[in-house]
Peer 1: 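Next up is a structure, given as C-alpha cells.
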Amino acid sequence: MSENARDQKPKVGDSEKITINLGYVDLGHIDLLVQEGFYANRTDLIRTAIRNQIDRHGDALRQAVTRKRVDLGLRHYSRGDLEAARDAGEMLDIRVLGLATIAQDVTPDLARATIASIAVLGALHASSAVKAALADRMR
C-alpha cells in the first residue's frame, strides 16, 4: 500500500461515512482509552485500528491489488476521457480500489457507450442517472 495514499488524514469531501454497531462493553473500552488520553476520540481509535489491520495484511493486499489489476487511490473520469475512448472505439474496464468519480457532465448514454464494466472497492461518485445506466455493468 502506498504510504501517501493511506497516511493522509481524509478531508470531509475525501471520505465516506460508515456506521458500525458495537456492544456496550467494547464501546466502554473505547471511551476509557479516549478518556485516558490514548486517542483523541472514538473515531481516532477506530481509524487507527483499521489502519493497523490493513498494515497487518499488507502483503496480501499488495498481491491482491496486483492480481486484480486495480487502480489504487483516486481515479477521475471526465467527459473528455470518455469521449476520447468513444472516438477511439474503446470500451473501458474500470477497476479502482479507493475512489472512482465520473464527472457530473457525463451523460448516461456516453457512460454506456464507453464503460464495459466497473468494479470499485471503496466509493463511486457519479450522478444517479449514470449509476442507473451502468447498474448492469457494476461488479
Side-chain angles (χ1 to χ4, degrees):
M1 305 247 86
S2 164
E3 291 295 318
N4 195 18
R6 188 174 33 79
D7 289 337
Q8 291 179 354
K9 187 171 184 174
K11 299 178 191 93
V12 175
D14 294 341
S15 63
E16 290 285 321
K17 179 174 272 196
I18 64 168
T19 302
I20 61 171
N21 295 318
L22 290 175
Y24 297 117
V25 173
D26 290 337
L27 188 58
H29 283 127
I30 290 170
D31 287 343
L32 183 59
L33 288 168
V34 169
Q35 189 178 60
E36 292 295 311
F38 288 96
Y39 300 93
N41 51 46
R42 290 174 173 175
T43 300
D44 183 34
L45 180 143
I46 293 166
R47 239 188 237 122
T48 300
I50 290 168
R51 287 179 180 147
N52 287 342
Q53 287 302 304
I54 290 169
D55 283 345
R56 181 176 177 194
H57 300 286
D59 288 339
L61 287 170
R62 280 186 287 281
Q63 290 171 9
V65 165
T66 300
R67 185 177 66 252
K68 293 179 181 283
R69 296 185 316 237
V70 297
D71 290 333
L72 183 61
L74 308 177
R75 183 67 169 92
H76 178 71
Y77 296 89
S78 69
R79 182 178 182 144
D81 294 333
L82 298 185
E83 287 172 342
R86 180 195 60 203
D87 294 346
E90 297 175 356
M91 292 289 286
L92 303 175
D93 290 308
I94 297 172
R95 291 191 288 284
V96 175
L97 188 154
L99 172 64
T101 60
I102 300 174
Q104 292 298 308
D105 63 348
V106 170
T107 65
D109 289 338
L110 178 59
R112 284 198 62 80
T114 57
I115 300 173
S117 67
I118 183 165
V120 178
L121 298 166
L124 170 63
H125 289 184
S127 70
S128 55
V130 166
K131 285 181 179 180
L134 296 174
D136 63 329
R137 299 174 186 193
M138 290 185 188
R139 297 180 186 162

Peer 1: Find the distance between CZ (Arg79) and CZ (Arg86) and round it off to the nearest 0.5 Å.
Peer 2: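 So the CZ of Arg79 and the CZ of Arg86 are separated by 8.0 Å.
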Peer 1: Rounded to the nearest 0.5 Å, what's the gap from CD1 on Ile118 to CG on Leu92? Could you check?
Peer 2: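 Between atom CD1 of Ile118 and atom CG of Leu92 there are 9.5 Å.
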Peer 1: Can you tell me how far the CZ atom of Arg42 sits from the CG atom of Leu27, to the nearest 0.5 Å?
Peer 2: 4.0 Å
Peer 1: Which atoms form the tightest heavy-atom contact between Pro108 and Ala133, and what is the distance?
Peer 2: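 Minimum heavy-atom separation between Pro108 and Ala133: CB-CB, 3.7 Å.
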Peer 1: Between CG of Leu45 and CG of Asp31, what distance do you get to the nearest 0.5 Å?
Peer 2: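 Between atom CG of Leu45 and atom CG of Asp31 there are 9.5 Å.
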Peer 1: Looking at every heavy atom in both Asp44 and Asn41, which two are closest together, and how far apart are they?
Peer 2: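 Where Asp44 meets Asn41 most closely, the heavy atoms are N-OD1, 2.7 Å.
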Peer 1: Answer whether the closest heavy-atom distance between the side chains of Leu124 and Met138 falls below 4.5 Å.
Peer 2: yes
Peer 1: What closest approach, in Å, do Ala116 and Asp93 show between heavy atoms, and which atom pair accounts for it?
Peer 2: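 Where Ala116 meets Asp93 most closely, the heavy atoms are CB-OD1, 3.5 Å.
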Peer 1: To the nearest 0.5 Å, what is the distance between CD1 on Ile18 and CD1 on Ile46?
Peer 2: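 So the CD1 of Ile18 and the CD1 of Ile46 are separated by 8.0 Å.
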Peer 1: Do Arg112 and Asp109 sit within salt-bridge range, that is, some charged N less than 4.0 Å from a carboxylate O?
Peer 2: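 Here Arg112 does not pair with Asp109 in a salt bridge, since their nearest N and O are not under 4.0 Å apart.
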Peer 1: Could you tell me whether the side chain of Arg69 reaches within less than 4.5 Å of the side chain of Arg95, counting heavy atoms only?
Peer 2: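 Of all side-chain heavy-atom pairs linking Arg69 with Arg95, at least one is under 4.5 Å.
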Peer 1: Flag yes if Leu22 and Leu33 sit in one hydrophobic cluster, no otherwise; membership is Ile, Leu, Val, Met, Phe, Trp, Tyr, and two members link when side-chain heavy atoms are under 4.5 Å apart.
Peer 2: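 Both belong to a single hydrophobic cluster.
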Peer 1: How about Gln104 and Val130: do any of their side-chain heavy atoms sit closer than 4.5 Å?
Peer 2: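 No, too far: nothing below the 4.5 Å cut-off.
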Peer 1: Applying the 4.5 Å side-chain criterion to the ILVMFWY set and letting contacts propagate, would Val120 and Val65 be lumped into a single cluster?
Peer 2: no
Peer 1: Within the distance-only criterion (no hydrogens, no angle test), does the side chain of Arg139 pair as donor or acceptor with the backbone N or O of Ser117 below 3.5 angstrom?
Peer 2: no
Peer 1: Decide whether a cation-pi geometry holds between Arg75 and Tyr77; the criteria are a distance under 6.0 Å from NZ or CZ to the six-membered ring centre and an angle within 45° of the ring axis.
Peer 2: yes
Peer 1: Find the distance between CD1 (Ile94) and CE (Met91) and round it off to the nearest 0.5 Å.
Peer 2: 10.0 Å
Peer 1: Would you check if Thr114 and Val106 make a side-chain contact, meaning some heavy-atom pair closer than 4.5 Å?
Peer 2: no
Peer 1: Say whether Tyr39 and Ile54 are linked into one hydrophobic cluster, either directly or through other cluster members, by side-chain heavy-atom distances under 4.5 angstrom.
Peer 2: yes
Peer 1: Answer with yes or no whether the hydrophobic clustering places Leu121 together with Val96; edges join I, L, V, M, F, W, Y residues whose side-chain heavy atoms lie under 4.5 Å apart.
Peer 2: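 The answer is no; the residues belong to distinct hydrophobic clusters.
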Peer 1: Is it the case that more than 12 heavy atoms not belonging to His57 sit under 6.0 Å from its NE2 atom?
Peer 2: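 Result for NE2/His57: enclosed.
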